[in-house]
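Beneath this line is the structure, given in structure tokens, with notes to follow.
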Amino acid sequence: MTLWCGYAAASDMNVDQVVRERDRLIRGDTSKGKYEMQIISPRWKRTLKMDTWSSGNDRSFIVITYPKKDKDTTFLRIKTDMWQYVPSIEKTIKIPPSMMLQSWMGSDFTNDDLVKESSIVNDYTHKFLEEAKDLYVIESIPKPEAPVVWGKVIQHIDKNTFVPVNDEFYDEDGTLIRKIIYDNVKKLPDRYYPMKWIVEPMTEEKKGHQTIIIIDEVEFNIPVDEGVFGMQALKRHSR
Amino acid sequence: MFWIIAWRNILAKKRRSVLTVLLSALCTVFLVFVLSFMDGQHLKMIKDAVEIFTGYIQVTGKGYQDDPDYDHLVFDLDKVKKTISGFPEIESASTRFQTFALFAGEEASVGGSLIGIDPVQEKKVSRIGSAVTGGDYLRGGDGRKCIVGKKLAERLDLRIGDELTYLSQSVDMSIAADILKISGIFSTGSQMDSNTVFVDKEYMDGMFQTENIASHYILLPSEKFRGGRLAGLVKRIDNKLAGTGAEAVSWKVPLKSLLQLLDVDSAFGYFSYGIVVVVTFFVIMIFFLINVFQMTREIGIMRAVGTAPAQILKIFVTESFILGLIAVTIGGVIGGFIVHYYNTNPITFDVSKEILEQYQKWGVVDMSFPTVFSYLSIFYICLFVFLLNIVAVLYPVFTVNRYKPIDAIHYV
């Protein structure tokens, strides 16, 4: 095991480029997809299906398509603001900052995760931790003033495809809080992509919880209707 | 014999004796009052917090107190109710389902607690029913009617009759959202006023799938089990609940942070009052020191004619005993009267709204504080000041007893 000091010996890419490439690959400039989310708790298992659109790191739109009870609920995120439209009461509600740490739809993601995920590139300082045969192991430490919730993130990224293998999220005391495992890597027309994400909370109080995201369909860098990222879309796509 | 000599000493130095008695009596009055006031403040904060909403005993799912989420609910409420019905010590009980919700008015939205209650039973275990200051309290079978905290209504710019939207998650994690109609506004003076909405639990059961599920089952024990005997009762209930997935805790668990705050406040209080005690102790000791040294020659003569040092000590301790007893009797009676008066006529501070809000964050509902009147506390304080008097005389007498009789006789 060799300690790396900012540059990968096996490639010309520096650590920031690797992280940016991984992020670009996961997000794309634009994207459109159909996702399934399985939320497992010690008492329940629940499946959600949704259609999603995104543009850059700042805008995304989600329509819940399953189950029937939550169908047509829509979410719009623009930068760090988030709105939810609930068809049963025909209301659009802005999610206030105080609710950002609440679970999103009962999953192991918080609203804050959806809003702040893009900050991994800009809000953290990265360094290579070790050299494995096929992996970049990168430690990301938040910049002093960065508004982030994690104390440290360890990313394992495939050297050849830049597909993430797993991410480990630690709190400020260095305790492992959450792990995301990326699986079922599929070759899409322009990239490799993990079609199954498993989110595992690692704390004792969240024992038995798991969120699995299965990507049924996804397309990147395609033209996306700009209207989907407007407030009217919340209601329009709900119908 | 010692009593007579000691009494003559007291009469011979009237001014010093009166000053010593006065000082000790004032110290007694001060300690009786400030400690009763501090206890009164703390007791009121606890009683308010317990009776406004927390309740004396909470039955929750195991682990709920640390992780109040949907994994730690009471999932078989009927079984728990049946178990509790076997305790004649429990006067009343009420079911609650409390969850986090986003409340939205026309413009603003804020996060807070949505709590389903049994309106009839809830009135017996908490003060929520009597805290409704405008409109109507819930009656049972209220459907979408709700009562809203006064400050929350102000934050969302809502009035009685207006609609309030909430967004939350039912226990199966599906979206629970609805539009409620405000039937009443409540004001408890606590932080609940700024973040809580109450609805009928029956309504919540439909929206949140909480039939036979609760976050809390609040128990009100009979009067005699609300004090020192509460812990034993809680333990017995908790043992009986084994196997139901539920646990019983006293108010001390949910109000842990308030208790910690009060402990810190007490520590500061004792430290401040300790300074007064130390000053009083040294002043009394100086009085005795002056007195003893003024009598050094007489002590020398007494020693020369065969009086033992222990007998000298006994004379002064007896003197201190008499002075101390007079002082604490006067101080105890005056202090007791003052405390008794402010026990029935609480001390009320007139403070600005902003300052009151600061205090409310720490559990103070209003600025009216009755003192605690307790014979036992007054007795202990009197005993403490009395012992202080006895101890204060030891050093001066030990010092003078170290002189040889001949040196003492020639002491100038």
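Just so we're on the same page: letters track the sequence lines, and every chain starts at 1. Keep in mind that the numbers below use all heavy atoms, side chains included, and drop hydrogens, waters and symmetry copies.
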What part of [X] is in contact with chain A, defined as an atom under 4.5 angstrom from a non-hydrogen atom: side chain, backbone, both or neither?
{"X": "B/Ser170", "result": "side chain"}
{"X": "B/Asp178", "result": "both"}
{"X": "B/Ser174", "result": "both"}
{"X": "B/Tyr70", "result": "both"}

Task: Stacked cation flag B/Arg155 on B/Phe103, 6.0 angstrom / 45 deg - done: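 No cation-pi geometry.
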Open item on the list: Only pairs of heavy atoms separated by less than 4.5 Å count here; which of B/Leu102, B/Thr165, B/Asp67 has the most with chain A?
Closed with: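 Going by pairs under 4.5 Å, I would pick B/Leu102.
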TODO: Determine the option with the most heavy-atom pairs under 4.5 angstrom with chain B, choosing from A/Lys69, A/Lys91, A/Arg43.
DONE: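 So the answer, after comparing A/Lys69, A/Lys91, A/Arg43, is A/Arg43.
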I'd like to know if [X] and [Y] make a salt bridge, using a cut-off of under 4.0 Å between side-chain N and carboxylate O.
{"X": "B/Asp157", "Y": "B/Arg159", "result": "yes"}
{"X": "A/Lys94", "Y": "A/Asp81", "result": "yes"}
{"X": "B/Lys82", "Y": "B/Asp78", "result": "no"}

- [ ] Would you please classify the geometry between the A/Trp197 ring and the A/Tyr182 ring as parallel, tilted or perpendicular, with 30° and 60° separating the classes?
- [x]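 Because their plane-to-plane angle is over 60°, the rings of A/Tyr182 and A/Trp197 count as perpendicular.
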